[in-house]
A.B. asks: 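There's a structure below that I have some questions on.
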Amino acid sequence: MPPLKYSPALVRSSSQKAALRNSVVEDLEMATTTAVPPAAPEPQPQMSAIGRIVGVFFSPGATFKDLVQRPSWMAPMILLIVIWFGLCATLVKRADWVTYTKQQIEKNKFAASHIEALPEDQKEAVYQQGAQRSKISQYVRGAIGWPLLILFSAAINFAAFKLIGGVRTNFGTAFAITAFAHLPMSLRELLAIPVTFLKDPQSIDPQNFLASNPAAFLGDSAPAWQLIFFGSLDIFAIWAIILMAVGFSAADPKKAPIGKALGIAFGTTFSVVLFFTMMAWIFL
């Protein structure tokens, strides 16, 4: 049988040809179509300074998460100083500073022995001078006391969380956490202002102006070490320690989960209180 001159070809109908063209077009469109990436999640709105101050009391977890993203400390520092100056003005006006000075001198054995040797008129002059110095020291404490206290507390806790917990953060963030964590102390001072106006002037203690700790019930004759130790068991101070733990846990949740952060915060504070209590027991 002689070979065919032409190779056989498939014969397609018009409907098959149309289907083939549509298939080719769809394949080309799929090949040239660019994949659309998934939409990025919308960024969370940043909290304002006032929002952070309010959030520390009502939603500390979310507040400190926002704080570690954008650390800042100016707003709480200003608030702490302003409220303290308001309390100072109230204490200077209402408290019996001469009686308070006498009580402080009597607690110091060295100072008391020198005062006892003076004539009565000189004793009264010493008490008056001491009262004036105590009033001035209240305002000085308001100006430099809170910044120094926040700096000291931030340094101690930053070192503890770094060495014990291995928290990965910087000192600027630790300082901001510490400033916001101490805001309950400003609430304590704010509540003390109306309480001071209601108290008898001779019953006002400028060092323990609100009965929020056991030291307020020990009396004026209690030794200094007891006042320091029991004064540290303050409701608002404990609140501040808890907030400190929440803040450092937000800075590094993997290294410092909340349980571990609470242990470090309370352990660090107890160590500092124990040190100053021992110093007062030895020297005062």
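Keep in mind that what you see is a predicted model, and the values were worked out from it rather than measured. Residues take their numbers from the sequence shown, with the count starting at 1.
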A.B. asks: Would I81 and F152 show up in the same hydrophobic cluster when neighbours are defined by side-chain heavy atoms closer than 4.5 Å?
C.D. replies: no
A.B. asks: If you look at every heavy atom in H182 and S153, which pair is closest and at what distance?
C.D. replies: CE1-OG, 3.5 Å
A.B. asks: Would one find more than 12 heavy atoms of other residues, nucleotides or ligands at under 6.0 Å from atom CD1 of I50?
C.D. replies: no
A.B. asks: Under the 3.5 angstrom rule, does the side chain of S59 hit a backbone N or O of A62 as a donor-acceptor pair?
C.D. replies: no
A.B. asks: Got a donor-acceptor contact below 3.5 angstrom from the K65 side chain to the P60 backbone?
C.D. replies: no
A.B. asks: Look only at the side chain of S271 and the backbone of G267, and say whether a donor-acceptor pair between them is shorter than 3.5 Å.
C.D. replies: yes
A.B. asks: Considering only heavy atoms from C-beta outward, does the side chain of F266 approach that of I242 to under 4.5 Å?
C.D. replies: yes
A.B. asks: V98 versus Q128: any side-chain heavy-atom pair under 4.5 Å?
C.D. replies: yes
A.B. asks: Say you draw a straight line from CZ of F171 to NZ of K162; how long is it, rounded to the nearest 0.5 Å?
C.D. replies: 12.5 Å
A.B. asks: Only pairs at least two apart or in different chains count here, so list each ring-ring contact (aromatic ring centres under 6.0 Å, His included) that has a residue in residues 45-64.
C.D. replies: F57-W239
A.B. asks: Taking atom CZ of R168 and atom CZ of F161, what is their separation to the nearest 0.5 Å?
C.D. replies: 14.5 Å
A.B. asks: Between Y100 and Q202, do the side chains contain an N or O donor and an N or O acceptor separated by less than 3.5 Å?
C.D. replies: no
A.B. asks: R70 and M47: which non-hydrogen atoms are nearest, and at how many Å?
C.D. replies: NH2-O, 2.9 Å
A.B. asks: Measuring only between side-chain heavy atoms, which start at C-beta, is M279 closer than 4.5 Å to W225?
C.D. replies: no
A.B. asks: Please say whether the positively charged group of R188, taken as NZ for Lys or CZ for Arg, lies over the ring of F209, i.e. under 6.0 angstrom from the six-membered ring centre and within 45 degrees of the axis.
C.D. replies: yes
A.B. asks: Can you tell me how far CG of L210 sits from CG of L187, rounded to the nearest 0.5 angstrom?
C.D. replies: 9.5 Å
A.B. asks: Can you measure from CG (L91) to CD (Q138) and round to the nearest 0.5 angstrom?
C.D. replies: 6.0 Å
A.B. asks: Under the side-chain contact (heavy atoms from CB on, under 4.5 Å) criterion, do L227 and N208 qualify, and how do the steps go?
C.D. replies: CA-CA 9 Å; L227 295 175; N208 201 352; 5.9 Å; no
A.B. asks: Same cluster or not: I238 versus F270, using hydrophobic residues (I, L, V, M, F, W, Y) connected whenever any side-chain heavy atoms lie under 4.5 Å apart?
C.D. replies: no
A.B. asks: Using the rule given for side chain to side chain donor-acceptor pair (under 3.5 Å), can you reason through D66 versus T63, listing the C-alpha separation, both sets of side-chain angles and the distance that settles it, and then say yes or no?
C.D. replies: CA-CA 5 Å; D66 181 78; T63 301; over 6 Å; no
A.B. asks: Starting at CZ of F248, measure out to OG1 of T268 and round the result to the nearest 0.5 Å.
C.D. replies: 9.0 Å
A.B. asks: State, without any angle test, whether S212 and D234 hold a side-chain donor-acceptor pair at a distance under 3.5 Å.
C.D. replies: yes
A.B. asks: Answer yes or no: are there more than 12 heavy-atom neighbours, outside K199 itself, under 6.0 Å from its atom NZ?
C.D. replies: yes
A.B. asks: Quick one: do I78 and L80 end up in the same hydrophobic cluster if we chain Ile, Leu, Val, Met, Phe, Trp and Tyr together by side-chain heavy atoms under 4.5 Å apart?
C.D. replies: yes
A.B. asks: In this structure, would V140 and F85 fall into the same cluster of hydrophobic residues linked by side-chain contacts under 4.5 Å?
C.D. replies: no
A.B. asks: With side chains defined as the heavy atoms from C-beta onward, is the minimum distance between I156 and V272 less than 4.5 Å?
C.D. replies: yes
A.B. asks: Looking at every heavy atom in both A256 and V167, which two are closest together, and how far apart are they?
C.D. replies: CB-CG2, 3.6 Å
A.B. asks: Indicate yes or no: at least one non-hydrogen side-chain atom of P194 is less than 4.5 angstrom from one of T90.
C.D. replies: no
A.B. asks: Decide yes or no for T269 and S232: does some side-chain heavy atom of the first lie under 4.5 Å from some side-chain heavy atom of the second?
C.D. replies: no
A.B. asks: Taking all heavy atoms of F230 and all of L218, pick out the closest pair and write down the distance.
C.D. replies: CD1-CD1, 3.9 Å
A.B. asks: Same cluster or not: V68 versus M77, using hydrophobic residues (I, L, V, M, F, W, Y) connected whenever any side-chain heavy atoms lie under 4.5 Å apart?
C.D. replies: yes
A.B. asks: I want to check something: taking the side chain as every heavy atom from C-beta on, are W84 and S186 in contact at a cut-off of under 4.5 Å?
C.D. replies: no
A.B. asks: Would you say the side-chain atoms of R133 and T101 include a donor-acceptor pair closer than 3.5 Å?
C.D. replies: no
A.B. asks: What heavy-atom pair brings I228 and A280 nearest, and what distance separates the two atoms?
C.D. replies: CD1-CB, 3.5 Å
A.B. asks: If you take all heavy atoms of L183 and P76, which pair is closest and at what distance?
C.D. replies: CD2-CB, 3.9 Å
A.B. asks: Answer yes or no: is there a donor N or O on one side and an acceptor on the other, between the side chain of R94 and the main chain of I204, under 3.5 Å?
C.D. replies: no
A.B. asks: Is there a side-chain contact between W281 and T277 (heavy atoms, below 4.5 Å)?
C.D. replies: no
A.B. asks: Please confirm whether the backbone N or O of S134 pairs with a side-chain atom of S137, one donor and one acceptor, at under 3.5 Å?
C.D. replies: yes
A.B. asks: Can you confirm whether the side chains of D200 and S203 place a donor and an acceptor under 3.5 Å from each other?
C.D. replies: no
A.B. asks: How far does CD of E189 sit from CD1 of I193, to the nearest 0.5 angstrom?
C.D. replies: 8.0 Å
A.B. asks: So for atom NZ, which belongs to K135, do other residues, nucleotides or ligands contribute more than 12 heavy atoms lying within a distance under 6.0 Å?
C.D. replies: yes
